[in-house]
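Reviewing the structure listed below.
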Amino acid sequence: MTTVKTRNEIRFILNSEDVALGDVAPSETLLDFLRLKRTLRGTKEGCAEGDCGACTVLVGRLSGGKLVYESVNACIRFMGSLDGCHVVTVEHLRGENGNLHPVQQAMVDFHGSQCGFCTPGFVMSLYGLWMKSPEPSDAEIEKALQGNLCRCTGYEAIMRAARAISDYGKVARDPLLAERRAVTARLEALKDGSRVEIGAGKSRLVVPADVDDLAAVLEAEPTATVVAGSTDVGLWVTKHMREIAPAVFIASIDGLHGMSEDKGVITIGAGVTYTEAFATLAKRIPALGPLFDRLGGEQVRNMGTIGGNIANGSPIGDTPPPLIALGATLTLRKGTVRRTISLQDFFIAYGKQDRAPGEFVEAVHVPVPAKGENFAVYKVTKRRDEDITATLGAFWLTLAKDGTVAEVRIAYGGMAATPKRASAVEAALVGKPWTEATVEAAMAKYAEDFTPLTDMRATAEYRALAARNLLLRFYMETTGTKAPLQVSRYEAA
Ligand SMILES: Cc1cc2nc3c(=O)[nH]c(=O)nc-3n(C[C@H](O)[C@H](O)[C@H](O)COP(=O)(O)OP(=O)(O)OC[C@H]3O[C@@H](n4cnc5c(N)ncnc54)[C@H](O)[C@@H]3O)c2cc1C
Ligand code: FES
Ligand code: FES
């Protein structure tokens, strides 16, 4: 057995300063650390649940040797996930010759702020966007700001400011980009291959050195809380005051961030974020692309992982139904033993997944639809942006040469206690001609598959009707109807 080096402090860069902390609780959030321990109070607390963006900061991390900065919600980001990262707060922004930073100056000149509470969050989200896309389109700006709420200025002034940032300075001269090389070298120096172990009992926090070390840690402590992007676990702490110790932080494990494709199957490591995953998935499986913009806001997409979206077993997680419809499989690992199961079999009952104590999700394998295979996914919510699913339907279908349904997989979220296949509906379709009459007959079978609930997102009747109609929509799309099937953007008059 190889022995792993350990250290008892997390190390990261905060703005310009190298920080090493040995006194960190597993549930300590970055927001509390900034405001309470460092008096960096430019970063605000609005909702403490990842929705409003007032707490937005940038986190820089090495991804494939490249330094990337991403907007994240400091309110649900734990300190334990920052080992080896560069945290950039609004206090770090500066322009040339002591002036305001271009993002800040644009916000001032275009009246993008009134009470100012949301403003640092908007500034940081726009800063993250500007570094990636100095001349952003309106769609890019709207996407970058989906996770930022303002209750007094109104968004049009902020949009105008966002369009004008590059008039106030060039990205190449931005201090963060100019210092990229030096920061990369400092972050590389922090990666010393050690496991971080801090505290004991209710104070215990572990950052494994690599995937093998994660397996060893979880075998030894099978009841530990695995924390990936913390877009769920963060709320257990901030909203439900739950204890999460011992907590094992996996976001910085490089070996879980891999994505590869072999023989038409894409393998996604459990630590791959939505942002990382969809960069590839949207190209290889275009029908998945539009789902990305409908998943949380930018900060949540930069933190949340596909592995966490599966492992949490939520009936309203957005990626399981499309992955089930695509025929995905899951690799689970306990110690050195791996097993691969069909994703649909992972979900047993509400809150119960096929995962043994000490076992973790290592990767998901997603078949890319071949030519002639039809695939679609539709998410239904009350609000277009940053809203949780009322119902979501995913459809995969192949037709025989004679136009009958050869194979079909239909999976839903929000319709049962787990993500679930519509087996009776599928059975009503297989072998029948792919016609409206067949689809209408199959629509009558939904009641055999699902008894949805009424809650604040939708009534049971609404869910049942919407779910049936999604099958009809899929039929119309696959048969090339000219009828408009989606309103994706409202233009101001
Ligand atoms: C503002 C906001 C908006 C959101 N919007 C959406 C949305 O539109 N659609 C949607 O589907 N979800 C949404 N979510 C929920 C959340 O983003 C997802 O469920 C997310 O995928 C969870 O992943 P994570 O990496 O953050 O997991 P974490 O919070 O770190 O973990 C979630 C659970 O999975 C376990 N876990 C994580 N990784 C592993 C692993 N590799 N092996 C074993 N167990 C593991 C954890 O122990 C925990 O039980 C939203 C959340 C917030 C805060
Ligand atoms: S305080 Fe609202 S997203 Fe963090
Ligand atoms: S300026 Fe007041 S909330 Fe945005």
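Just so you know, ligand 1 is whichever comes first in the structure, and atom 1 is the first atom listed for that ligand. Sequence positions, counted from 1, serve as the residue numbers for this chain. Owing to the predicted nature of the structure, the values given are computational and were not obtained by experimental measurement.
Closest to atom 1 (S) of ligand 2 among all protein heavy atoms lies G46 N, 3.1 Å. What sits closest to atom 15 (C) of ligand 1 on the protein, heavy atoms only, is D232 OD1, 3.7 Å. Of the protein's heavy atoms, V300 CG2, 3.9 Å lies nearest to atom 52 (C) of ligand 1. Closest to atom 3 (S) of ligand 2, if we only count protein heavy atoms, is G53 N, 3.1 Å. Residue, atom and distance of the protein heavy atom nearest to atom 44 (N) of ligand 1 are A311 CB, 3.4 Å. Remark: minimum distance from atom 47 (O) of ligand 1 to any protein heavy atom is reached at V226 O, 2.6 Å. At the shortest separation from atom 49 (O) of ligand 1 among protein heavy atoms lies W236 CH2, 3.3 Å. With respect to atom 25 (O) of ligand 1, the closest heavy atom belonging to the protein is T305 OG1, 2.6 Å. Atom 21 (O) of ligand 1 has Y274 OH, 2.4 Å as its closest protein atom, hydrogens excluded (heavy atom only). Distance from atom 16 (C) of ligand 1 to its nearest protein heavy atom, with residue and atom name: T231 OG1, 3.1 Å.
Using a 4.0 Å cut-off between charged nitrogen and carboxylate oxygen, R421 and D345 do not count as a salt-bridge pair. No salt bridge links K382 with D387; every basic N to acidic carboxylate O contact stays at or beyond 4.0 Å.
Inclusion of C75 in the first shell of atom 2 (Fe) of ligand 2 is not supported: no N, O or S atom falls under 2.8 Å. Atom 2 (Fe) of ligand 2 lies at 2.8 Å or more from every N, O or S atom belonging to C55.
If you number the atoms of ligand 1 from 1 as listed, the ones under 4.0 Å from a heavy atom of A228 come out as 25 (O), 30 (O), 37 (C), 38 (N). Here is the list of ligand 2 atoms found below 4.0 Å of a heavy atom in C52: 1 (S), 2 (Fe), 3 (S). For ligand 2, the atoms closer than 4.0 angstrom to any heavy atom of N73 are 3 (S). Within ligand 1, the atoms closer than 4.0 Å to a non-hydrogen atom of E49 are 1 (C), 53 (C), numbered from 1 in the order shown. Those atoms of ligand 1 that come under 4.0 Å of a heavy atom in V227, given as number and element, are 30 (O). Under a 4.0 Å criterion applied to the non-hydrogen atoms of G317, ligand 1 contributes the atoms 11 (O). Below 4.0 Å from some heavy atom of G50 lie the following atoms of ligand 2, by number and element: 3 (S). Of all the atoms in ligand 2, the ones that sit under 4.0 Å from a non-hydrogen atom of C47 are 1 (S), 2 (Fe), 3 (S). Set against the non-hydrogen atoms of L295, the atoms of ligand 1 under 4.0 Å away are 7 (C), 8 (O), 9 (N), 10 (C), 11 (O).
Taking the ring centre of F347 as origin, the terminal cationic atom of K420 falls outside the region bounded by 6.0 Å and 45° from the ring axis. Judged by the 6.0 Å and 45° rule, R301 forms a cation-pi pair with F292.
The shell of residues lying under 4.0 angstrom from ligand 1, judged by heavy atoms, excludes E362. Using a 4.0 angstrom heavy-atom cutoff, I250 counts as in contact with ligand 1. Not close to ligand 1: S314, with no non-hydrogen atom less than 4.0 angstrom away. Look at K379 and you'll find a heavy atom under 4.0 Å from some atom of ligand 1. Q299 does not count as a contact of ligand 1, since none of its heavy atoms falls under 4.0 Å from the ligand. Residue contact check for ligand 1: T389 places no non-hydrogen atom closer than 4.0 Å to it.
Looking at V361 next to ligand 1, an N or O pair under 3.5 Å apart turns up. The N/O atoms of V233, backbone and side chain alike, include one that comes under 3.5 Å of an N/O atom in ligand 1. Inclusion of E359 in the set of residues having an N or O under 3.5 Å from an N or O of ligand 1 is not warranted. Considering backbone and side-chain N/O atoms, G307 never comes within less than 3.5 Å of an N/O atom of ligand 1. Remark: ligand 1 and D318 share an N or O pair separated by less than 3.5 Å (distance only, no angle test). Every N/O-N/O distance between D51 and ligand 1 stays at or above 3.5 Å. Not a single N or O atom of I388, backbone or side chain, sits closer than 3.5 Å to an N or O atom of ligand 1.
Every pair passing salt bridge (Lys or Arg N to Asp or Glu O under 4.0 Å) that includes a residue from residues 75-95 is listed here, sequence neighbours excluded: R7-D83, R94-E179.
A distance of 6.0 Å or more separates the ring centres of F12 and H86. A ring-centre distance under 6.0 Å is found for Y412 and Y446.
Of the candidates G50, G313, G308, A270, it is G308 that places a heavy atom closest to atom 23 (O) of ligand 1.
Contacts between A74 and ligand 2 below 4.0 angstrom, taking non-hydrogen atoms only, are absent altogether. With a heavy-atom cut-off of 4.0 Å, D51 touches ligand 2 through its backbone alone.
A side-chain hydrogen bond (donor to acceptor under 3.5 Å, both in side chains) with Y274 holds for exactly one of T305, N302, N309; it is N309.
Note on atom 2 (Fe) of ligand 3: protein N/O/S atoms under 2.8 Å are C115 SG, C152 SG.
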